[in-house]
Amino acid sequence: MTSKAQLACRVCGLIQIEPPWGKDGNSPNYEICDCCGVEFGYEDSSLTGIKNYRKKWLQTGKNWVSKDDMPENWNVDEQLKNIPVQYT
Ligand SMILES: [Zn+2]
């Protein structure tokens with residue numbers, strides 16, 4: 001089974017269809033997060049990178065790069081809770 005922690009974007013916490021860093025947590029798939037727009041395996045490849053990207057995303061309005069995928073009742077604070085604690 002794939003856990004929620006494996007499926008969450010490390011930057012914004014959006015649950016992905018496939019684990020962004022693979023089942024071993026070490027094999028990024030280089031997809032783009034629909035929400036924050038991070039490329040898995042690129043900007044999120046270090047804790048500093050994750051924190052910087054998240055900070056910038058939060059400060060610039062928490063915009064979805066794929067606006068059509070944004071749920072009507074989207075709650076950023078709830079989503080951010082999905083981020084595994086080691087990446088916060
Ligand atoms: Zn994201």
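All ligand and atom numbering here is 1-based and tracks the order in the structure. In what follows, every heavy atom counts, from backbone to side chain, and hydrogens, waters and symmetry copies are set aside.
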Chemist: Where do N82 and K4 come nearest, in terms of heavy atoms and distance?
Modeler: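 What the structure gives for the nearest pair is OD1-CE, 3.2 Å.
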Chemist: With sequence neighbours left out, what residues match K81 under salt bridge (charged side-chain N to carboxylate O under 4.0 Å, His left out)?
Modeler: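 For K81 the salt bridge (charged side-chain N to carboxylate O under 4.0 Å, His left out) partners, ignoring immediate neighbours, are E78.
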Chemist: Are C12 and W64 close enough, and set up right, to give a side chain to side chain contact (heavy atoms under 4.5 Å, CB included), and what steps lead you there?
Modeler: CA-CA 10 Å; C12 74; W64 280 61; over 6 Å; no
Chemist: Would L58 end up clustered with Y87 when hydrophobic side chains under 4.5 Å apart are linked, directly or stepwise?
Modeler: yes
Chemist: Check whether E43 reaches the backbone of V38 with its side chain - one donor and one acceptor, N or O, closer than 3.5 Å.
Modeler: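 Side chain of E43 to backbone of V38: no pair is present.
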Chemist: Group every Ile, Leu, Val, Met, Phe, Trp and Tyr by side-chain heavy-atom contacts under 4.5 Å, then state whether I83 and W74 land in the same group.
Modeler: yes
Chemist: Take the Zn ion (ligand 1) as the centre and count protein N, O or S atoms at distances under 2.8 Å.
Modeler: 4
